[in-house]
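The shown structure was predicted, so the numbers you read here are calculated from the model rather than taken from an experiment.
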Amino acid sequence: MRPAGLRALAAICAPAAVIAVGLLSPSTAAAEENAPEPDPISAASTLTGVTPSVLTPDSDGLTLTGTVRNTGDAPLQEVRAMIRLSGNRVESRSEIREIGTDEELYWGSRPGDGLDDVADTLEPGQGETFTVTITNEQLGFDTSGVYVVGIDILASPPGSGDRERVTTSRTVVPWIESPDELPAVPVAMLWPLAARPALLPDDTLTDETLAEQLGADQPLSAVLEAAADAPVTWAVDPDLLDTVSVLADGYRVVSPEGPIDGTQANADAALAWRERFDEVTQDHDVWMMPYALPDVGALEEHDPPLATELTQQSLAAADAAAERLPSATGGVAWLDDGSVTDEVLTTLADAGARTVVVPSGAVQPTDDADADAEDDGGSGGDGEGGALGEITAGDHTLRVVSADAGLSSAIADAAAHDDPTAGAADLQQRWIAETAMVALAAAGDDTEPPLLVAAPPVRWRPADPIPQSLVAAWTSSTWVEPVGLTDRIDTVDAPEVSAAPSEGTTVLPEANVAATAQLRDDATQYATLLADPEDVTTALDHATLRSASTGWRDRPDTGVSYARGIGDGLTRRVEQVSINVPESVTLSSRTGSFPLTVTNELPEAVNVRLEVQSENPDRLRISEVETQEMGPGEQKLVEVTAQAAANGRVPIEVQLTTDDGRPIGHPVATVVNATEYGTIGWVIVGGAGALFLGAIVRRTLRNRRPRRRPRRGSEPPEPPAPSAPSAGGVLDELPAEARPTQEAAR
């Protein structure tokens, strides 16, 4: 029997428990309804090897290797790699570029054969390799052409036994029945060497990015070595060579504390790179591109006169650099889509360009017959223009080199790939497939294959093994004939083409053009200030070209800072030449002079002039001041001659200028007190002297007259007081306003 107290407590607690259960139950139910779904499984895969790169009837089969990585938050179970292929031939070269992004294009199917069980489980972030092989019979290809093959990655979520496709990697592979019977496709390779500007006019570097890319196994060394024995046409920015030379001689880098010395290791690497460059290019064609590659399109859009000036300077600097190499030529420009306009081409031609490299599609044939021939498959059925053309630009004719879209985009995509090994494999297959389609089209039409020109991005930085893969694909394909460009341009007749600019190309903003224009003015002012500007003019011209470089397109603010930083430094130097002007000066005669103090605190000799402007030239005329040459640290008094037409105060403005009239600093105002007291004083003094002399003569004559005897009984008169030999008495008789001042008397 329960005690009465417990029964009472139970009676109280029971309703409370019921209420509590009622309150808690909805929360529990809601928690179950809102439970998150399991994380979806995801993965990324790449193909790192295709063996063989070209299939023939004698091939043992196809082997694809690659990697798969779990990119989700849940484990992947029962991971498997399986072959996916399409039995339909690729119809056009443009489709090759779309295979990697368009799953609806030649998607194909899994034949059921050719698989690799990669792993029982892949944890999040974990990666694994795979290798899948399929025989020729299982592939089923029997007609020459290009086919799409790839790998599906299948896996199951945790707790599920059903595999699903989580990712696919695809590429292209040619199947050629008789590779040796295909006609040779001539392919030329432009091999650019360029960098974002980093050199300042005093040979200090803005950073060490370039220095670090010159070492062994670094991108610029890889680019140089990969093509060392290949018949490429080198396309070189002379600014890169200048910067490397500065690095090799021992360099300094900008820092918040001031310039600091660079590392000896980087200097040694730069020296080795330059020596290797000279050795590699000794017997190869070298095209010198415009110095620092100014953005002519942006300059032409925002400041046409500046575009003309800088284009001339950049091409002249390229010609000068070409003279220092045995096999180099200048007069070559490299443009992108949006810059290929009639205005830009005319500016280049007027400045001395003879050849211009443009992307595919930036020009088009002007003759209908030529256009029809191109559309009929001259480049593999894509309707792309030929590699060479001629275009009329103003009063000149330019030879046009049109880079092939397929080959060039394959290089660009590979260089941008996160996995260099995968990028190299994709580059190899796309190059072989693109050239195979051109050869097959020419064989089918019984025509000669057209020239193709490949052009990597100007400032590409491919990692190993991408450049090596590119050279191998170019030089080892049975149906590809590597050729040079210079001989072709000089000997092959080219059709007439016209510009076909595309929209949307990024060019430098107007702010960069304005900063370049200001730097040009600052540089010109400083150079004309110096008595011997030869040592700095070239350095400042090159810095101005760098400030307008296409290398700033992805970092325009940095380009503006580069230009303004140099300009501010030049302004500070110019301000070290100054003039000291008093608050007022006085002319003591109608024509007189007054001195002004000029100070040169620069360590260089300068030529300066004084431009003095009278507010009222009718009352005060200022003579021209000759140019003054001043040595380093010299201070000089410069005499300014003025002629006053009337008395009074006349404001003047003094401006210190360079020899050609460019202002140095701000004008300084002062006042000239013009007076004729000096002339009047001498007139007054002369008149007073004449009066004084006359008084003396009169007294002398009076003293010589015979004296009358005084009458007897009268007192003789008092003798007169002697006259003081001072002019004061005489001058006291003059009106007060006629009295000369002490200054006039002088």
Minimum heavy-atom distance Pro183-Ala442, with the two atoms named:
CG-CB, 4.1 Å

For residues 79-103, which residue pairs qualify under ring pair (Phe, Tyr, Trp, His ring centres under 6.0 Å), counting only residues two or more places apart or in two chains?
none

Donor-acceptor side-chain pairing of Ser169 and Thr46 below 3.5 angstrom
no

Residue pair Thr131 / Thr65, side-chain donor-acceptor N/O under 3.5 Å:
no

Determine whether the side chains of Ser42 and Thr71 contain a donor N or O and an acceptor N or O closer than 3.5 Å.
yes

Side chain to side chain donor-acceptor pair (under 3.5 Å) test vs Thr486 passes for just one of Thr329, Thr233, Asp285, namely Asp285

Exercise: do Glu300 and Thr347 side chains pair donor with acceptor under 3.5 Å:
yes

Under the 3.5 angstrom rule, does the side chain of Ser45 hit a backbone N or O of Val68 as a donor-acceptor pair?
no

What I want to find out is whether Arg430 reaches Asp413 closely enough, with some N-O distance under 4.0 Å, to be called a salt bridge.
yes

Among Asp554, Asp237, Thr550, find the residue that satisfies the side chain to side chain donor-acceptor pair (under 3.5 Å) test when tested with Arg459.
Thr550

Distance-only, no hydrogens or angles: does the Ser477 side chain make a donor-acceptor pair with backbone N or O of Trp479 under 3.5 Å?
no

Salt bridge (charged side-chain N to carboxylate O under 4.0 Å, His left out) partners of residues 44-65, not counting sequence neighbours, each pair once:
none

Partner of Val172 by side-chain contact (heavy atoms from CB on, under 4.5 Å), out of Val149, Val50, Val148, Asp426
Val148

Could you pull out all residues at least two apart from Trp287 that satisfy ring pair (Phe, Tyr, Trp, His ring centres under 6.0 Å)?
none

Measure from the side-chain N and O atoms of Asp113 to the backbone N and O of Thr135, and report whether any donor-acceptor pair falls under 3.5 Å.
no

Check whether Arg84 reaches the backbone of Thr168 with its side chain - one donor and one acceptor, N or O, closer than 3.5 Å.
no

Identify whether the distance between the nearest side-chain nitrogen and carboxylate oxygen of Glu225 and Arg276 falls below 4.0 Å.
yes

